[in-house]
Amino acid sequence: MNIIIPVPKEFGFESCFSFLQRSPKEVLHRCGVNSVRKLVRIHGAVVLFELCPSRDLQLEVKVLNTKLSPNQKKALIRFVTEWFDLETDLKPFYAMAKHDALLKDLVRDHYGYRIVGQPDLFESLVWAVLGQQINVQFAYALKQRFVQQFGNTLVFDDTPYFLFPTPETVAVLNDADLLPLQFSRQKSKYTQLIAQAFVDGELSKEKLSGLPLSEAKEKLMKIKGVGNWTANYALMKTFRYRDAFPLEDAGIHNAIRNLQKMARKPTLAEVKHIFKKYKGWEAYATLYLWKSL
DNA sequence: CGCCAGGTTAGAG
DNA sequence: CTCTAACATGGC
């Protein structure tokens, strides 16, 4: 079954694809030469799909392992649309960024790059915790072990594909399960607390959907281990608030330092000042700055 | 050994 | 609200 998904003019498959390829340890999707395969759960069914650019600059999706009902097909289109943030109109962002000293080269070189999101809130929060205060490479190693050990697997053509572990699975884990994967005690505890919050019904994507940024952030930060950085990460990647951004992020700081050829990293006050110019587009400014690293 | 990496918490000013 | 120290772990 082939599905064609229309994309806006400001969409560049290449830029998004290069993001998907950024770590060989990524286990939640698998890149081919010019395509990506991913396992998702759609209305209870485990669905493996392949996505590639089609001739007329649209996206083509093939489902590999099953047949979808009309409703499931609709949900899959919804998933891909969310994953690549296809509904955001980038014209106003580009109009602003092409006159900005920090962003102008980046938006030219990565035209059409969109925030590749994480539609699953649990995955987004745990991934952010894994990325806290360590290099990204090691974070991918942690995620790989975690997903391979506790996520569901589908083998297709002799190749395994993985789903992110569910909160129910993770909530019953303890330090004895996670420390051997080289989780720090802190990451282990935070991961368990987040899973617990989902299982207890304190937290869900539905509960936060539609809230103003400040309220959604406040609810996320009630969980121990979810600070400003982690909350904003999830708000950008899962809920797609355009004005969310992780102020304390070391990557943002390094990008600014490099682009402005500073001898030191900018202070938080300096970062805030720079981001005032990006009002309403802080999330996209962040992602393009990350692209520069 | 030192410093840094896509931080968080608790506590003081 | 802002600044600081303590914490934790791998990689170069």
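Numbered from 1 within each chain, the chains take letters A, B, ... in sequence-line order.
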**Prompt:** Please walk me through it: do A:Asp175 and A:Gln192 pass side chain to side chain donor-acceptor pair (under 3.5 Å)?
**Reply:** CA-CA 9 Å; A:Asp175 284 358; A:Gln192 293 165 49; 3.1 Å; yes
**Asked** Are the side chains of A:Leu106 and A:Leu259 in touch, meaning some heavy atoms are under 4.5 Å apart?
**Response** yes
**Asked** Expressed in angstrom and rounded to an integer, what is the separation of A:Ile223 atom CD1 from B:dG7 atom P?
**Response** 19 Å
**Item:** Residue whose nearest DNA chain B nucleotide is more 5′ - A:Gly225 or A:Arg257
**Value:** A:Arg257
**Asked** Expressed in angstrom and rounded to an integer, what is the separation of A:Lys189 atom NZ from B:dG7 atom C1'?
**Response** 14 Å
**Complete:** Assign each of A:Asn228 and A:Lys265 the nucleotide of DNA chain B bearing its closest heavy atom; nearer the 5' end lies the nucleotide of A:Lys265
**Message:** As a test of reading the structure: which of C:dG10, B:dT8, C:dT9 is closest to the side chain of A:Arg185, going by heavy atoms?
**Reply:** C:dT9
**Message:** What is the distance, to the nearest angstrom, from the CZ atom on A:Phe138 to the P atom on C:dA8?
**Reply:** 15 Å
**Prompt:** What nucleotide, of B:dA5, C:dA8, B:dT9, holds the atom closest to the side chain of A:Tyr190?
**Reply:** B:dT9
**Request:** Over 60° means perpendicular and under 30° means parallel, so classify the ring planes of A:Trp281 and A:Phe93, tilted if in between.
**Result:** tilted
**Message:** Can you pull out every salt bridge (charged side-chain N to carboxylate O under 4.0 Å, His left out) where at least one residue sits in residues 36-62 of chain A? Sequence neighbours excluded, please.
**Reply:** A:Arg37-A:Glu50, A:Glu50-A:Lys62
**Complete:** Taken to the nearest whole Å, CG/A:Asn232 to P/B:dG7 is 13 Å
**Request:** Would you mind classifying the nucleic acid contact of A:Lys224 as base, sugar-phosphate or nothing, using non-hydrogen atoms under 4.0 angstrom?
**Result:** sugar-phosphate
**Prompt:** What orientation do A:Tyr288 and A:Tyr284 show, parallel under 30°, tilted 30 to 60°, or perpendicular over 60°?
**Reply:** tilted
**Item:** Between C:dG10 (C1') and A:Leu142 (CG): distance, integer Å
**Value:** 9 Å
**Prompt:** Between A:Phe183 and A:Phe146, what is the ring plane arrangement, given parallel below 30°, perpendicular above 60°, and tilted in between?
**Reply:** tilted
**Asked** Which whole-number value in Å describes the distance from A:Ile134 CD1 to B:dC4 P?
**Response** 17 Å
**Asked** Roughly, in whole Å, what's the span from CG in A:Leu178 to C1' in C:dA8?
**Response** 15 Å
**Request:** Return the value, rounded to whole Å, for the distance between atom NZ of A:Lys187 and atom C1' of B:dT8.
**Result:** 10 Å
**Asked** Is the A:Phe79 ring parallel, tilted or perpendicular to the A:Trp83 ring (thresholds 30°, 60°)?
**Response** tilted
**Prompt:** Closer than 4.0 Å, any side-chain N/O of A:Asn135 to the OP1 or OP2 of B:dC4?
**Reply:** no
**Message:** Please encode protein proximity along nucleotides 2-7 of chain C as a string of B, S and -, counting only heavy-atom distances under 4.0 Å.
**Reply:** S-----
